[in-house]
Structures are given as C-alpha cells and as structure tokens.
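Here is the structure we will look at.
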Amino acid sequence: MASTNTQWGMVIDVDKCIGCQGCVVACQSENNIPINTEDLFNQRRAIEWIRVERYWEGEFPDVKARFIPILCQHCNDAPCEPVCPVFATYHNNEGMNVQVYNRCIGTRFCANNCPYHVRFFNFWEPEWPETLTNQLNPDVTVRSRGIMEKCTFCIQRIRRTSREAARDGEELSDDSRELNPACVNACPTDTLFFGDLNDPDSKVAKLAKEEMSDDGRGYHLMPQYGTSPNVIYLKKVDESTKDSNGSHE
Amino acid sequence: MSLTRRQFLTLMGGSATAVAAAACGVPERELLVQSPIEMPEDMVTGLDNWYATIDRQNRAPLGVVVRVMEGRAKKVEGNVDYPVNRGKHNAVAEAGLQGLYHPDRIGSPLIRTGQRGEGKWEQLSWTDAVSRVAERLGELSGEETVFITNPVSAHTGLVVNRFAEALGAKHMSYEPLERTVLKASMKQVFDQEAMPDFDIENAAYILSFGADFLNTWESPVRYARGYGHFRQGENRSRGKLVHFDSRFSMTGANADEWVYVKPGYEGEVALAIANVMISAGLPDSPALHRITGQGSNSLESFTPQAVGSRAGVDPEKIVRIARDFLEHPPGLAIGGGSAGAHSNGLFNLNAIYALNYLSGSVDQLGGITFNPSPPISDLPTAPDATSFSDFRDLAGRMSGGQVKALLVRNADPFYGLPENTGITRASFNVPLIVSFSNRFDDTTMLADIILPENHYLEDWGTDIPDPGPGYQTIGFQQPVVRPFFESRGPHLGTKNFGDVLMTLAQVLEKDLGLDADNFKGLMENDARRLRELDRGSVRAANDKLFWNTILQRGGWWDTNASGDIHDPRSGQYSFPTAAQAPSTGGSGEFHLMPFETTGLTDGRGADLPWLQATPDPITTATWQTWVEINLKKAEEMGINEGDVVKVTSEQGSIEALAYPHPGISPDVVAIPVGQGHKGGGRYSKDRGANVLSILSPVTESETGALAWAATRVNLRRTGEWIRLPKFENTAPDLAEDGHRRIIPLTSG
C-alpha cells in the first residue's frame with residue numbers, strides 16, 4: 001500500500017474532549033516515552049507527544065475550563081522541516097512529518113521553529129528500572145540522549161497493518177483499529193478520528209469536507225502561520241456564548 | 001560553443017528556476033529523502049498476539065485486550081466486544097502493565113523477621129507459608145479472625161465467602177471512598193440491589209450532583225463513551241449537561257453549566273427542582289403518587305427561594321434549570337461522590353435519584369435501566385460495602401485484643417482509614433496479620449506473613465460488572481503472560497488468590513463446598529453451566545469450544561437478558577417534608593473537599609509512574625499533593641502557587657502545595673486523595689500527604705458511612721516554597737493569535 005496518494009490526517013472534536021488523559025497515557029505506553037519524573041515536570045522537560053491543554057474562561061462562580069488535545073499537526077508546510085541541517089525531520093510521501101532518529105544531531109532548531117510546541121528533546125538518556133523495560137514496544141526505537149522526538153501518528157502501526165494487509169491481499173480499511181494511533185483507540189469519547197484525508201470514503205475526509213465549510217466547526221490551529229496542518233479541529237459548542245463573537249480565526 | 005560569463009550565469013539561473021519549479025510538485029521518487037536501508041520504524045520483530053482479559057486496575061473492571069510479544073505484555077487496549085466499555089479504556093487500565101512489571105513487586109511468600117513494620121523479611125516456600133498460616137488460624141475461633149478484601153464478586157467472591165463461612169470469620173469489604181450510601185439509595189429509591197445503568201448516550205438532558213462521572217465515579221469509561229454520543233452523536237441533537245457540585249471537577253468543567261452548591265445542600269437543590277417540576281404540572285402516575293406520598297408531601301419547605309438562600313444557588317437558576325430539565329426529555333439525574341459524603345448523604349442522593357421518576361426516565365431509553373441478577377444463581381455480585389462505622393468498631397476490637405488474626409487482600413485500610421480510628425496503632429495488638437498483596441502497600445508493610453497473589457494479567461478470574469451494562473454479563477479474565485516470578489520455581493513465586501484460599505482450607509480440613517479443587521476448575525464448571533443455558537453471545541457445540549470462545553471474546557453476555565421491568569411502587573422512598581441540614585466536623589474557615597484524581601483515583605494508582613505523571617485535568621499537577629484554593633482568596637491571604645500550606649482539621653494536619661485557581665469557591669479548599677503512602681514501592685513511598693488521614697469522623701446519619709466531605713479546615717502558610725510539578729506552561733499558551741489575542745475555543 002502506501003500509495004503516494006495517501007495523506008494521513010486526524011480530526012479532533014473538541015466538543016467531545018473531556019480532558020481524561022487517556023490518549024496521553026496510551027501514547028506513552030505505545031511509544032516508549034521515558035517516565036516523566038517529578039524533576040522533569042519541574043524542569044519543563046516532560047515529554048507528552050499528545051497533551052491535553054486546559055484553558056480557563058471566567059472566574060468563580062461563572063467559570064469554565066476548556067480542554068484541547070495538542071499533538072504534532074503534521075503540517076504540509078512544516079516550519080520544522082527546512083531548518084533541520086541534516087534532514088532528520090522531513091515530509092514523507094504520505095503527508096506525515098517524520099523524524100529520523102539516527103540522523104538527528106540535536107540542534108533543536110526544529111523545536112524552536114515549531115509554533116505548536118510538540119517537539120521534545122531528550123536532555124538525558126532515558127532510564128527505566130530493569131523490570132519495566134519488559135513493557136517497551138519492540139516496534140519503536142528508544143530515543144537516546146540528544147535526540148529530538150515527537151508524534152509519529154504511530155507510524156509503526158501503519159507499517160505493520162499495511163504490511164499485513166498486503167501479505168493477506170486485503171484492502172486497508174479506514175475502520176481498522178489496528179491502523180489507528182494508540183491515542184485514537186484509547187479515547188473513550190471518540191474525540192479523535194484518524195484516516196486518509198485523500199480517500200473520499202474515509203471518516204476524516206468526510207468530516208473535513210463537511211466541517212471545513214463555512215457553517216462547519218472545523219478549523220486549523222494557528223492558521224496565521226500558514227503551516228497547512230493535517231490535523232483538523234472541530235470547535236466546542238457553547239450554548240451560552242452563541243450570541244457572542246466566537247470567532248477563532 | 002563559447003560562452004561569456006554573463007551568458008553562463010543567465011543559463012544557470014534559468015535552470016535553477018526550473019529545478020525549483022519541479023520541486024513544487026514534490027515528485028514522488030526524486031525528492032523522497034529516505035535512506036535506502038529499512039527505517040527503524042519499519043523493522044518488525046516477532047509476531048504479536050492480542051489476548052482478551054479483564055482489567056482490574058480500575059475500580060469498575062473493563063474488558064481489555066493485551067498485546068503480547070515474546071511472552072511479554074506490551075500494550076493494553078479496550079475490548080470492542082465487551083459490553084461495559086465497548087473498545088474504550090482509560091489511563092488507569094493502560095498503566096496496569098506497570099503493575100505487572102513493577103520493580104518493587106513481591107515475588108515470593110515472605111515472613112517478617114524484624115519488628116513489625118521494620119521492613120525485614122525472609123523468603124519462604126509456599127508450603128511452609130501456608131502451613132504456618134493454617135496452624136495459627138487453626139488455633140483460633142471464628143470470631144477472632146477478620147478477613148478484609150476489596151469488594152469481590154463472581155468466583156473470587158464465591159471462594160472468599162465460602163472460606164469466611166467455613167472459618168466462621170467476619171468478612172468485610174473495604175474501599176476508601178465507600179459506596180454504602182449510594183447502594184442504600186438505590187435500594188430505597190429504586191428497590192434495587194445492584195447499581196443501575198445510566199443511558200447517557202441517549203439522554204437529552206443530564207442533571208448531575210457531585211458525581212465526577214466522566215473522571216472517576218463508578219464506571220467512568222462507560223459514561224465517557226456515552227458522553228461522546230451525548231455531545232456529537234449521529235442522528236441526535238446535542239445533549240445538555242448541568243453539574244451541581246461544591247468543587248469544580250472535570251465533569252463540572254465539561255458541563256454546559258456548573259453550579260456551585262454549598263457542601264451538603266445538593267439534596268435540597270434537587271427537591272427545589274422537584275418542587276418546580278411538580279408545580280409545572282406533571283401527569284399523574286403511580287411513580288409520582290409514590291414519590292409524593294399520595295400527593296401529601298407538598299415540598300412546601302423547598303421553594304427555590306428558600307433552598308437557594310440555604311444552598312447558595314440563585315433561585316432563578318433553579319427554576320430555569322428545572323423547567324429546562326422538564327422540557328427536554330429524556331432527562332437523567334445522577335448523584336454521588338461528594339453529594340453522598342455528608343452527614344445527610346442519603347437524604348441528598350434519594351432526592352436526586354427520585355428526580356428520574358418526575359422526568360419519566362426510569363426504565364426508559366436515555367434514562368435509567370436496571371441490571372438483572374447474574375445468570376448463574378450462586379455467583380455473588382459485588383457485596384454490600386462495609387461501612388466506616390463497622391471499621392471503627394473493628395479498630396476498637398483490634399485494640400481490645402479481640403481480633404487475633406487479620407487477613408487482608410487487595411485493600412489498604414491502614415492507608416485509607418482516618419487517623420482517628422486508630423486502626424494502625426490497634427494493629428499492633430493483633431498477633432497475626434496476613435497479606436495477600438503483591439506490593440508493599442501500607443497494610444502489607446505491617447503484615448507478619450505475605451502470600452503474594454498473581455498480578456491480574458497473569459491470573460484467572462471472572463467479573464460481574466457493577467454497574468453492569470443493563471443485561472447479564474460475566475467477564476472472563478485469563479492470564480495473558482506466564483507469571484513473572486515463575487522462574488523462581490513452584491515453591492516460590494506468586495499464586496492465584498482463590499487457589500491459596502482453597503489450599504488453606506484443605507490444610508485446615510474445612511470443606512468449602514466447591515465443585516472443583518482449583519480456581520480455574522471452578523470457572524470451567526460454571527462455563528459449562530453457561531453453555532447449558534444455550535443463549536447469549538457465545539454458543540458452541542462442545543464445552544472446549546465454548547470455553548475457548550468466551551476466553552477469546554473476554555466473557556459471556558446476553559443482551560436479551562435485561563433487568564425486570566421496574567415497578568415504580570416498589571421503592572420505599574417518598575419526598576421528605578423537612579430538610580436535613582448537613583453537619584460538619586470542626587469549625588475551620590474552609591470546607592475541605594477531598595477528590596479523586598484521574599490517575600491515582602482513591603490511591604490505588606499511586607505506585608505506578610504513568611499514573612503519578614498523569615496530569616490532573618483541572619490543575620495539570622502531577623506527583624504531589626496540592627491544595628486548590630480560590631485565586632482571589634489566595635491573593636488576600638498572600639498565598640502563591642507552590643507555597644507549602646499547613647491544612648489543619650480538628651483531627652490533625654497535613655502539608656500540601658498551594659494551587660490557586662479561578663474555579664473554586666472562596667470558602668472551599670480541595671485536596672486530591674491518593675498520595676501520602678508509607679509504602680507501595682519507590683514511586684509512592686513518602687510522597688505527598690494523605691488527606692484521608694485528617695478527616696473528621698463524621699458519619700452519614702443512616703448508613704454509618706464515612707462522610708468524607710464534611711470536614712472543615714484552616715490554612716496557614718509555613719513559609720516554605722516547593723515548585724509544583726505540573727504540565728501547564730511546559731508549552732507556552734497556544735490560544736493566542738499573532739496579535740496576542742486569546743482565541744476562544746468555543747463556537748457561537
């Protein structure tokens with residue numbers, strides 16, 4: 001598979017996100033992310049390829065908190081790509097922004113240039129107590145010290161599923177749970193959708209078409225930077241602010 | 001041909017442009033910057049298998065599938081077939097893997113060699129350990145033996161019950177934030193023993209009181225799955241959620257409207273809503289008849305005005321919400337959590353659940369459906385929780401020397417019971433404490449002999465979900481990997497808890513009256529009985545095929561076997577005529593609201609690093625104990641984030657890091673439950689503070705449950721400051737546009 005016509009993308013319906021962190025831990029488990037210790041949080045170096053941000057609106061008693069999951073937007077015009085001196089970060093022919101760990105020399109230019117702050121640097125060699133290494137996913141490289149890392153859309157799952165589909169002579173289906181990144185499968189409220197944006201029958205393509213229209217809820221994060229992301233957000237619906245100016249652009 | 005320098009440069013410039021133009025199209029091969037060798041992410045080693053089993057890290061077990069490669073469990077995901085969670089799971093279920101491979105797991109029976117609690121242990125063989133325990137138990141009369149477990153159902157429950165009966169021992173089930181009041185309310189309002197199912201998916205309007213049902217309350221994954229449909233499901237309009245709570249919880253954050261209620265007044269607000277609904281004119285029905293006491297209970301004292309002033313809620317809001325609720329059927333009312341954790345907890349919950357009769361959503365789509373009894377009659381469902389008062393009595397009996405042996409399994413009462421019960425001190429008067437835990441929790445640290453059970457991913461078991469999905473369901477749990485400590489040989493390592501009890505009974509020459517001599521055998525026998533029913537999700541030509549299929553699918557269920565149609569006249573509850581004011585312990589400035597966090601829940605997740613590092617949704621704080629305080633109030637008191645604050649109740653004090661935020665009432669402070677363990681291994685030991693330890697011994701007036709939300713405290717700055725480990729600000733705020741204007745995340 002992996003016809004060059006594929007364009008992997010995600011749709012995130014913020015109206016469903018409850019902030020439960022299910023996606024965050026699923027990602028850590030799938031992708032061998034080092035344990036975020038207390039020190040790492042204090043140094044602002046905790047690694048979460050997908051994170052849930054919380055925003056306050058108002059204050060007691062009329063207070064609201066909003067949750068929004070943020071991950072690599074897999075931009076088509078990714079600001080992180082041209083600044084990498086060693087082509088460690090590049091755009092592959094399936095629409096994904098890819099990080100090649102064994103090329104990375106740790107300049108951190110890409111993280112500086114990413115407006116979404118979704119690139120994370122390994123300041124130290126990751127460490128696990130020996131028994132916990134039994135859990136590590138053999139499909140995913142453990143990144144060593146000095147390497148940049150970020151969301152891969154769980155490329156190992158796409159590769160494995162594609163290979164197995166090719167072997168068994170089956171079509172890759174958009175409904176296949178094996179294809180989905182770990183976060184998508186974990187999400188209890190079905191906030192996240194994953195699929196091929198170029199396949200008109202896929203759920204994400206349909207949502208993108210419907211919701212990116214004028215009266216849809218779709219938007220891109222920080223469109224002013226012209227990054228052309230492959231992640232589409234659907235706005236939260238708030239009955240109480242229906243009449244107010246709720247522009248997001 | 002000769003070229004001038006100028007001609008040459010012109011030519012080169014042109015071709016460079018041509019190259020650039022070609023690059024715009026990104027031809028698929030030429031510009032694919034990819035090394036010819038296989039990329040690391042393309043390498044696949046070995047084959048993976050996914051096995052269905054039951055997750056027991058959550059209080060409400062989920063059906064999961066676990067990815068196993070080369071004999072090691074790698075990943076947990078939801079089981080799409082399993083009725084409770086239908087393919088979904090949560091952070092807690094995921095982290096079960098770290099319990100399996102925890103570096104501080106107990107891998108063999110241990111006997112204490114030093115003083116109690118000193119932490120000196122010696123390994124001994126299972127035969128030796130079991131015979132020592134049996135010898136001691138054999139010398140005791142039944143009343144001198146107490147058996148504390150987590151609430152256990154199905155086959156484990158069966159073995160525990162039979163074992164306790166055979167010994168004549170007292171069996172108590174323990175959970176820090178007990179469900180006694182909730183269960184009592186289900187009995188009084190709906191005449192039900194089991195928790196019903198809430199059809200959030202099809203509800204149009206949800207009123208919830210105190211229950212953080214999207215985060216930690218009862219069956220959060222099931223409810224969250226319903227919530228996704230409730231918000232943006234196909235073929236339905238967007239549902240509305242109003243959450244009444246004394247704390248701004250995750251459910252409060254997701255509600256369309258969060259309404260602050262003074263702690264303990266949730267029931268009165270529900271009655272005021274009922275009052276408005278009845279005044280609006282409800283069709284006469286047997287349910288209405290019963291609930292209003294044949295129309296005689298007029299709810300006169302619960303006018304929105306009167307209740308509003310007592311509960312701190314705008315009366316107009318009560319009227320508006322009540323009408324809204326009535327006008328948008330099906331309307332579902334849910335109550336629990338802190339609403340039931342006051343001295344008047346049962347009064348509150350009864351009033352809340354009775355609203356479901358007024359909205360006509362009992363036994364309806366989008367409302368409440370009741371769970372049937374299990375398909376195999378002698379399998380117990382989750383037992384009635386033992387109330388706090390009983391545990392306080394137990395502590396008294398322990399310190400009086402009347403308890404000679406304490407057996408503890410998957411429960412940590414020495415951690416969860418407030419200091420004032422004196423249970424930890426009393427334990428020194430108990431000559432024998434046996435723990436079945438595979439981790440050094442606070443109770444196990446004070447044990448004399450440890451008989452470690454397998455981790456659930458290495459073990460057999462069954463589960464009758466409570467709350468169930470509205471029809472008969474039995475989850476089948478199978479080992480997905482061989483026991484981690486198997487290499488230590490048959491005399492060491494860990495064992496199935498049921499098997500250990502059965503062996504103990506055998507040594508004690510007690511007949512448990514079970515139809516198999518090992519735990520798996522019990523499961524197999526009942527699988528045979530299930531097959532004989534010849535209905536439900538799995539049917540097979542022979543027993544072997546049936547057994548394999550239920551293991552493969554993670555259980556057996558029958559969607560047609562739903563609960564009986566409910567007779568609305570059968571409950572005993574009717575509206576009260578007088579209010580029941582909550583009483584509090586102490587007279588501090590602030591009302592203390594303890595709450596469960598996403599990761600640690602009631603403390604059971606504290607030993608797992610992923611859960612410690614899971615940011616709390618509201619504060620994004622991790623790894624520590626913090627105290628949530630109103631932003632303005634904190635300013636007044638000169639408290640900043642990270643200030644170490646001494647929180648003092650009449651029972652004692654703890655220290656926590658201040659986290660001022662705008663979402664909490666100025667007269668309330670909130671502290672997460674779950675930290676402050678003395679044990680549990682390297683990730684939880686001596687970390688943070690245990691808010692449960694300073695709770696006042698206020699009990700719910702009818703059930704004797706601990707009123708854990710009824711303590712008042714004072715706050716004092718200690719002058720120390722510690723950085724609060726939180727995820728917030730790891731990345732700068734994103735919701736600003738290029739002109740530093742905040743971008744609203746909501747649509748109009």
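Worth knowing before you read on, the calculation uses all heavy atoms, side chains too, and leaves out hydrogens, waters and symmetry mates. In what follows, every chain begins at residue 1, and chains take the letters A, B, ... in the order their sequences are listed.
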(request) Apply the test side chain to side chain donor-acceptor pair (under 3.5 Å) to residues A:Q135 and B:Q98: give CA-CA distance (whole Å), side-chain angles for both, the deciding distance (0.1 Å), then the verdict. (result) CA-CA 8 Å; A:Q135 181 274 324; B:Q98 292 194 319; 5.7 Å; no
(request) With a 4.5 angstrom heavy-atom cut-off, could you sort out which part of B:F230 is near chain A: side chain, backbone, both or neither? (result) neither
(message) Nearest 0.5 angstrom please: A:E59 CD to B:I664 CD1, how far?
(response) 14.0 Å
(message) Which atoms of B:R687 are under 4.5 Å from chain A, going by heavy atoms: the side chain, the backbone, both sets, or neither?
(response) side chain
(message) At a 4.5 Å cut-off on heavy atoms, which part of B:T619 comes close to chain A: side chain, backbone, both, or neither?
(response) backbone
(request) Could you tell me whether the side chain of A:Q21 reaches within less than 4.5 Å of the side chain of B:P615, counting heavy atoms only? (result) yes
(message) Check this for me: does any side-chain nitrogen of one of A:D15 and B:R238 sit under 4.0 Å from a carboxylate oxygen of the other?
(response) yes
(request) Might you point out which heavy atoms bring B:G78 and A:R177 nearest each other, and give the distance in Å? (result) O-NH2, 3.4 Å
(message) With heavy-atom distances below 4.5 Å as the criterion, would you say the side chains of B:D314 and A:P61 are in contact?
(response) no
(message) For a salt bridge (Lys or Arg N to Asp or Glu O under 4.0 Å) check, start with the C-alpha distance between A:K206 and B:E234, then their side-chain angles and the critical distance, and finish with the verdict.
(response) CA-CA 14 Å; A:K206 283 183 191 155; B:E234 281 166 22; over 6 Å; no
(request) Decide yes or no on salt bridge (Lys or Arg N to Asp or Glu O under 4.0 Å) for B:R67 and A:D139, but give the supporting numbers first. (result) CA-CA 12 Å; B:R67 182 180 188 220; A:D139 293 347; 2.8 Å; yes
(message) Looking at A:D13, is its backbone amide N or carbonyl O close enough to the side chain of B:R231 to form a donor-acceptor pair, meaning the two atoms are under 3.5 Å apart?
(response) no
(message) Within the 4.5 Å heavy-atom criterion, are B:R682 and A:P129 side-chain neighbours or not?
(response) yes
(message) At a heavy-atom distance under 4.5 Å, which candidate from B:T251, B:N630, B:D48, B:D616 has the highest pair count against chain A?
(response) B:D48
(message) When you compare the side chain of A:N36 with that of B:F727, does any pair of heavy atoms fall below 4.5 Å?
(response) no
(request) Assert yes or no for the condition that the ring centre distance of B:Y101 to A:W128 is strictly below 6.0 Å. (result) no
(message) Show, in sequence, the C-alpha distance, side-chain angles and deciding distance for B:I618 and A:W56, and conclude whether the side-chain contact (heavy atoms from CB on, under 4.5 Å) test is met.
(response) CA-CA 9 Å; B:I618 300 298; A:W56 290 112; 3.7 Å; yes
(message) Given 3.5 Å as the limit, does a donor-acceptor pair link the side chain of A:K64 with the main chain of B:A253, or not?
(response) no
(request) With a 4.5 angstrom heavy-atom cut-off, could you sort out which part of B:V80 is near chain A: side chain, backbone, both or neither? (result) side chain
(message) Keeping A:N134 on the side-chain end and B:R72 on the backbone end, is there a donor-acceptor pair under 3.5 Å?
(response) no
(request) Measure B:K240 against the heavy atoms of chain A and call it side chain, backbone, both or neither at under 4.5 Å. (result) neither
(message) Could you tell me if the side chain of B:L214 sits less than 4.5 Å from the side chain of A:C20, heavy atoms only?
(response) no
(message) Please classify the contact of B:E257 with chain A as side chain, backbone, both or neither, using a heavy-atom distance under 4.5 Å.
(response) neither
(message) For a quick test of reading the model, state the closest non-hydrogen atom pair linking A:S29 to B:K74 and the distance between them.
(response) OG-O, 3.7 Å
(request) Evaluate the side-chain proximity of A:D190 to B:Q232: yes if any heavy-atom separation is below 4.5 Å, no if none is. (result) no
(message) Under 4.0 Å between a side-chain nitrogen and a carboxylate oxygen: does that hold for A:R157 and B:E77?
(response) yes
(request) Please determine, among B:H102, B:R222, B:R723, the option with the most heavy-atom pairs under 4.5 Å with chain A. (result) B:R723
(message) Please identify, among B:F248, B:Y683, B:F484, the residue contributing the most non-hydrogen atom pairs under 4.5 Å to chain A.
(response) B:F248
(message) I'd like to know if the side chain of B:K88 and the backbone of A:A186 have a donor-acceptor N/O pair within less than 3.5 Å.
(response) no
(message) I'd like to know which of B:P220, B:S665, B:A255, B:P609 tops the heavy-atom pair count under 4.5 Å against chain A.
(response) B:S665
(message) I'd like to know which of B:Q624, B:Q612, B:H229 tops the heavy-atom pair count under 4.5 Å against chain A.
(response) B:Q624
(request) Please look at B:Y223 and chain A and tell me whether the side chain, the backbone, both or neither of the residue comes under 4.5 angstrom of a heavy atom of that chain. (result) neither
(request) Measure distances from B:L631 to the heavy atoms of chain A and classify the residue's part below 4.5 Å as side chain, backbone, both or neither. (result) neither
(request) Give, as side chain, backbone, both or neither, the part of B:L724 having an atom under 4.5 angstrom from any heavy atom of chain A. (result) backbone
(message) To check you understand the geometry: which heavy-atom pair defines the closest contact between B:A91 and A:V25, and what is its length?
(response) CB-CG2, 3.5 Å
(request) Identify the two heavy atoms, one from A:R54 and one from B:T620, that lie closest to each other, and give their separation to 0.1 Å. (result) NH2-CG2, 4.4 Å
(message) Below 30° counts as parallel, above 60° as perpendicular, anything between as tilted: where do the rings of B:Y260 and A:F60 land?
(response) perpendicular
